[in-house]
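Structure, as C-alpha cells:
Order of the sequence lines fixes the chain letters, A, B, ..., with proteins taken first and strands second; residue numbering starts at 1 for each chain. Here the structure is a predicted model, which is why all the values come from computation and not from measurement.
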Amino acid sequence: MNLTPLPRSFYEGSALEIAPAMIGTLLVHRVPEGTLAARIVECEAYRGPEDLAAHSAGGRRTRRTEVMFGPPGHVYMFRLYGMHWAFNVVVSPEGCPHAILVRAVEPVLGADIMAARRGVEPGSVRLTNGPGKLCAAMGLDAATYGADLCAPKAGALPEIFLAPGAAGAKVCRSARINVDYAGAWARKPWRFYERGNRYVSVRPRD
DNA sequence: GAATAGATTGTCT
DNA sequence: GACAATCTATTCT
C-alpha cells in the first residue's frame, strides 16, 4: 500500500475532473490510536459560485465557507442536520470555491478502531456508507476544518491526506443526493461512485 | 426492503 | 427563528 500524499497539483483542476479521479484513492487520517485508511467509493462535486447546490453558491463567503475560497488541497467540514459532520476536499485555484464531498468510503486500515468509534461490527457496511458515518468512524470533526492535505507534519506525513489507490475502479455517475432545493442544479450528474461497491450509499433518485 | 418520524445545533436571515 | 449536502429506530409490507 502506498501511503504517500497526493501532490497539491492533484487538487488544482476543476471539481468535475477531480471528483471521478478521487474514486479509489485512499483517505488517510493519523489518530492517537493508529493510522486509519479507507478507499473513497462515492463523492460529489460542488462548484460554486454558479452551482446553487453548493454552500458557496452566489459567492457566499462566510466563516463557514471561507476555506473553499482559499488554495486547493484543504479540508472543508460542515455540520449537517445539527448532529453529523461532513468531509469535503477544497479543489480548483484560489478564489474558485469548488469542493468535493466524500459520501462513502471502504475501510482499508484500522477498521477495528473505526468500529470502536462507531459502536458497529467491524465488517458492517454501516461503518462508513454515508457522509456522517464516515466522519464519525474516521474521527473527522471541527478540529479537521481547514487542515492542509499536503503539509508534512514535523517532517513526516501530514496528519490527514489522500494517497493513490489501486487503479481500475469502474466509476459511474448520477444526480447528487438530497439537494432538491437547488432546482435544475440538483439534476446535474455530479455524483460519482464505484460500480458495485457495497459501501456506496445507493438511494433511488429520479 | 421501503417508508416514516425524531433527533439536535451551528449558521445565517 | 428557520433550516440543513443525515442517521437511526421503528413500523409497516
Filtered N/O pairs between nucleotides 6-8 of chain B and protein, under 3.5 Å:
from  : atom 1 : to      : atom 2 : distance (Å)
B:dT8 : O2     : A:Tyr81 : O      : 2.9

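Between the NZ atom of A:Lys133 and the C1' atom of C:dC7 there is a distance of 6 Å, given to the nearest Å. Rounded to whole Å, atom P of C:dT8 lies 8 Å from atom CG of A:Asn129. Look at OH on A:Tyr76: it is 14 Å from P on C:dA4, rounded to the nearest Å. Whole-Å rounding puts the A:Arg117 CZ to C:dC7 P distance at 18 Å. As rounded to whole Å, 14 Å separates atom P of C:dT6 from atom CE of A:Met77. The interatomic distance linking A:His55 (NE2) with C:dC3 (P) rounds to 15 Å, in whole Å. A:Asn178 has its CG atom 16 Å from the P atom of C:dC3, to the nearest Å. Between the CH2 atom of A:Trp85 and the C1' atom of C:dA4 there is a distance of 13 Å, rounded to whole Å.
Between A:Val120 and A:Tyr181, it is A:Tyr181 whose nearest contact on DNA chain C lies nearer the 5' terminus.
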Original post:
Dot-bracket for DNA chain C: what is it, with Watson-Crick or G-U pairs under 3.5 Å, [ ] where a pair crosses earlier ones, and | for a pair to another strand?
Top reply: ||||.|||||||.
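Residue-level contact check: A:Ala53 touches the bases, meaning some heavy atom is under 4.0 Å from a base atom. Among the protein residues, A:Leu101 comes within range of the nucleic acid bases, having at least one heavy atom under 4.0 Å from a base atom.
Taking 4.5 Å as the limit, some side-chain heavy atom of A:Pro97 sits within range of a side-chain heavy atom of A:Pro49.
Dashed line: the shortest gap from a side-chain N or O of A:Arg118 to OP1 or OP2 of C:dT8 is under 4.0 Å. At C:dA5, none of the side-chain N or O atoms of A:Asn88 fall inside 4.0 Å of OP1 or OP2 (strictly under the cut-off). Between A:Arg103 and C:dT6, a side-chain N or O to OP1/OP2 separation shorter than 4.0 Å is present.
Partners of A:Ala111 according to the side-chain contact (heavy atoms from CB on, under 4.5 Å) rule, which considers only residues two or more places apart in sequence or in another chain, are A:Pro107. Residues satisfying the side-chain contact (heavy atoms from CB on, under 4.5 Å) test with A:Ala19, not counting sequence neighbours, are A:Cys43, A:Ala45, A:Ile100, A:Phe192. Under the ring pair (Phe, Tyr, Trp, His ring centres under 6.0 Å) criterion, A:Phe78 pairs with A:His55, A:Tyr76, not counting sequence neighbours. Residues passing the salt bridge (charged side-chain N to carboxylate O under 4.0 Å, His left out) test with A:Glu121, sequence neighbours excluded: none. With sequence neighbours left out, A:Val75 forms a side-chain contact (heavy atoms from CB on, under 4.5 Å) with A:Met77, A:Phe87, A:Thr144, A:Ala147, A:Leu149.
Note on residues 81-101 of chain A: no pairs pass side chain to side chain donor-acceptor pair (under 3.5 Å), not counting sequence neighbours. Residue pairs meeting the salt bridge (Lys or Arg N to Asp or Glu O under 4.0 Å) criterion with at least one member in residues 31-45 of chain A, sequence neighbours excluded: A:Glu33-A:Arg117, A:Arg39-A:Glu106, A:Arg39-A:Glu194, A:Glu42-A:Arg103, A:Glu42-A:Arg191, A:Glu44-A:Arg103. Sorted by first and then second residue, the salt bridge (Lys or Arg N to Asp or Glu O under 4.0 Å) pairs involving residues 63-85 of chain A (not counting sequence neighbours) are A:Arg61-A:Glu66.
Between the side chain of A:Tyr181 and the backbone N or O of A:Ala53 there is at least one donor-acceptor pair closer than 3.5 Å.
The stretch residues 63-75 of chain A touches DNA chain B through A:Arg63, A:Arg64, each having a heavy atom within less than 4.0 Å of the strand.
Lacking a ring centre under 5.5 Å from that of the base six-membered ring together with a plane angle below 30°, A:Phe78 does not count as stacked on C:dA5.
A salt bridge links A:Asp51 to A:Arg176: one of the charged nitrogens lies within less than 4.0 Å of a carboxylate oxygen.
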Just list the side-chain donor-acceptor pairs under 3.5 Å for residues 127-134 of chain A, sequence neighbours left out, or say none.
from     : atom 1 : to       : atom 2 : distance (Å)
A:Thr128 : OG1    : A:Val105 : O      : 2.6
A:Asn129 : OD1    : A:Lys133 : NZ     : 2.8

